[in-house]
Asks: 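Have a look at this one before I ask anything.
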Amino acid sequence: MTGIEELLLSRIRDVADYPEPGVMFKDITPLLADPAAFTALTDALAEIAANTGATKVVGLEARGFILGAPVAVRAGLGFIPVRKAGKLPGATLGQTYDLEYGSAEIEVHAEDLSAEDRILIIDDVLATGGTAEASIQLIRRAGAEVAGLAVLMELGFLGGRARLEPNLTGAPLEALLTV
């Protein structure tokens, strides 16, 4: 384990039975509260942005906003929020995706993306990959290229990577931690 992995893991708190019994929630708020850990995380994700040749960062609601915005600033890139349906003003482009029980929709301002853009998608956790998969489809429908996907933590036992890799068509999927 590297020094950054140890630092990040030491600042992630396990919360048993949240949001429902049997779930072990990974709480990143202690990491965000620690300036050294948050800076190390931002630097690591900004390095991924540089390595992918990204021109903009997309952050997935809501913790992807917290992580993605400082990464965009650090890397000198624009930041674009991908939000739950109905949260963005004006014209949006939406993408529906299936959940365990039902469906959900995410949206983006399509005018913020162009064919010249290479997008690094950032989120806190990769679980089953549903939201990330929908964001990949949404970015491509808006005409931009997906440069990669970066997450703080991958919950490997949920199979999100296997679901996403075919959709990424060779773009990297980087997880700083796998639990």
Side-chain angles (χ1 to χ4, degrees), residues 1-84 87 104 106 108 112 117-136 139 146-165 168 171-179:
M1 185 175 298
T2 66
I4 188 170
E5 289 172 330
E6 287 179 22
L7 174 62
L8 297 176
L9 274 174
S10 74
R11 301 303 188 274
I12 297 172
R13 179 175 58 134
D14 286 343
V15 180
D17 299 320
Y18 182 83
E20 58 187 51
V23 173
M24 181 64 72
F25 184 79
K26 300 292 187 182
D27 180 15
I28 68 166
T29 58
L31 187 157
L32 300 173
D34 180 326
F38 195 15
T39 298
L41 172 59
T42 300
D43 289 345
L45 292 172
E47 183 177 329
I48 292 169
N51 291 342
T52 63
T55 60
K56 292 182 180 166
V57 170
V58 157
L60 304 182
E61 188 165 335
R63 289 180 296 265
F65 298 170
I66 296 168
L67 303 184
V71 168
V73 170
R74 179 69 44 92
L77 305 174
F79 176 79
I80 299 167
V82 167
R83 303 222 45 201
K84 295 175 185 171
K87 300 291 185 178
I106 55 175
V108 69
D112 294 338
D117 284 321
R118 291 181 44 80
I119 306 299
L120 176 64
I121 303 163
I122 293 183
D123 206 1
D124 64 329
V125 174
L126 172 59
T128 63
T131 307
E133 181 179 47
S135 71
I136 292 166
I139 290 162
V146 175
L149 171 66
V151 296
L152 165 59
M153 191 173 8
E154 177 180 353
L155 305 180
F157 61 93
L158 291 176
R161 180 177 292 270
R163 176 181 186 169
L164 291 177
E165 284 183 333
L168 285 166
L173 168 50
E174 301 280 348
L176 299 178
L177 303 171
T178 301
V179 295

Asks: Look up atom CD1 in Ile139 and atom CG in Asp117, then write down how far apart they are to the nearest 0.5 Å.
Replies: 10.0 Å
Asks: Between Leu149 and Leu120, is there a side-chain heavy-atom distance shorter than 4.5 Å?
Replies: no
Asks: Are there over 12 heavy-atom neighbours, none belonging to Glu47, within less than 6.0 Å of that residue's CD?
Replies: no
Asks: Closer than 3.5 angstrom, by distance alone: can the side chain of Thr39 be matched with the main-chain N or O of Ala36 as a donor-acceptor pair?
Replies: no
Asks: Report yes if some heavy atom in the side chain of Val146 is under 4.5 Å from a heavy atom in the side chain of Leu168; otherwise report no.
Replies: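 Answer yes - side chains close enough.
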Asks: If you take all heavy atoms of Ala75 and Ala49, which pair is closest and at what distance?
Replies: CB-CB, 4.3 Å
Asks: Can you confirm whether Met153 sits close enough to Val179 that some side-chain heavy atom of one is under 4.5 Å from a side-chain heavy atom of the other?
Replies: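 SC-SC contact between Met153 and Val179 confirmed.
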Asks: If you look at every heavy atom in Ile48 and Glu174, which pair is closest and at what distance?
Replies: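 Taking every non-hydrogen atom into account, CD1-CB, 3.7 Å.
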Asks: I'd like to check Ile12 versus Pro30 (side-chain heavy atoms, cut-off strictly below 4.5 Å). Are they in contact?
Replies: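 Answer no - side chains too far apart.
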Asks: To the nearest 0.5 Å, what is the distance between CG on Leu60 and CD1 on Ile106?
Replies: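 Reported value, rounded in 0.5 Å steps: 6.5 Å.
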Asks: Please report the closest heavy-atom contact between Asp17 and Gly22, naming both atoms and the distance.
Replies: OD1-N, 2.8 Å
Asks: Take atom OH in Tyr18; do more than 12 heavy atoms of anything else shown fall under 6.0 Å from it?
Replies: no
Asks: Using the rule side chain to side chain contact (heavy atoms under 4.5 Å, CB included), only one of Ile4, Leu177, Leu31 pairs with Leu9; which is it?
Replies: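 For Leu9, the side chain to side chain contact (heavy atoms under 4.5 Å, CB included) check succeeds only for Leu177.
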Asks: Please tabulate, for the side chains in residues 61-72, all donor-acceptor contacts under 3.5 angstrom to protein atoms that are two or more places apart in sequence or on a different chain.
Replies:
residue: Glu61; atom: OE1; partner: Arg83; partner atom: NE; Å: 2.9
residue: Glu61; atom: OE1; partner: Lys84; partner atom: N; Å: 2.9
residue: Arg63; atom: NE; partner: Asp124; partner atom: OD2; Å: 2.3
residue: Arg63; atom: NH2; partner: Asp124; partner atom: OD2; Å: 3.3

Asks: For the pair Met24 and Val15, evaluate side-chain contact (heavy atoms from CB on, under 4.5 Å) and give the outcome as yes or no after the intermediate values.
Replies: CA-CA 6 Å; Met24 181 64 72; Val15 180; 5.8 Å; no
Asks: For a quick test of reading the model, state the closest non-hydrogen atom pair linking Arg161 to Ala175 and the distance between them.
Replies: NH2-CB, 4.1 Å
Asks: Rounded to the nearest 0.5 Å, what separation is found between the CZ atom of Phe38 and the CZ atom of Arg11?
Replies: 14.0 Å
Asks: Using 0.5 Å steps for rounding, measure from the CD atom of Glu133 to the CG atom of Leu126.
Replies: 11.0 Å
Asks: Is there a side-chain contact (heavy atoms from CB on, under 4.5 Å) between Val151 and Ile122 once you walk through the steps?
Replies: CA-CA 6 Å; Val151 296; Ile122 293 183; over 6 Å; no
Asks: Find out whether Leu164 and Ile136 are in side-chain contact, i.e. whether some heavy atom of one side chain is under 4.5 Å from a heavy atom of the other.
Replies: yes
Asks: Check whether any side-chain N or O of Glu165 sits under 3.5 Å from a backbone N or O of Ala162 as a donor-acceptor pair, and report yes or no.
Replies: no
Asks: What verdict does the side-chain contact (heavy atoms from CB on, under 4.5 Å) test give for Leu155 and Thr128, after you've listed the backbone C-alpha separation in whole Å, the side-chain angles of each residue and the deciding distance to 0.1 Å?
Replies: CA-CA 8 Å; Leu155 305 180; Thr128 63; over 6 Å; no
Asks: Could you state the interatomic distance from CZ (Arg118) to OG1 (Thr55), rounded to the nearest 0.5 Å?
Replies: 8.0 Å
Asks: With the side chain counted from C-beta on, respond yes when Val57 and Ile119 share a heavy-atom pair under 4.5 Å apart, and no when they do not.
Replies: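 The answer is no, as the side chains (C-beta and beyond) never meet within the 4.5 Å cut-off.
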Asks: Considering the options Leu45, Leu8, Asp123, which one meets the side chain to side chain contact (heavy atoms under 4.5 Å, CB included) requirement together with Leu152?
Replies: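 When side chain to side chain contact (heavy atoms under 4.5 Å, CB included) is applied between Leu152 and each of Leu45, Leu8, Asp123, only Leu8 qualifies.
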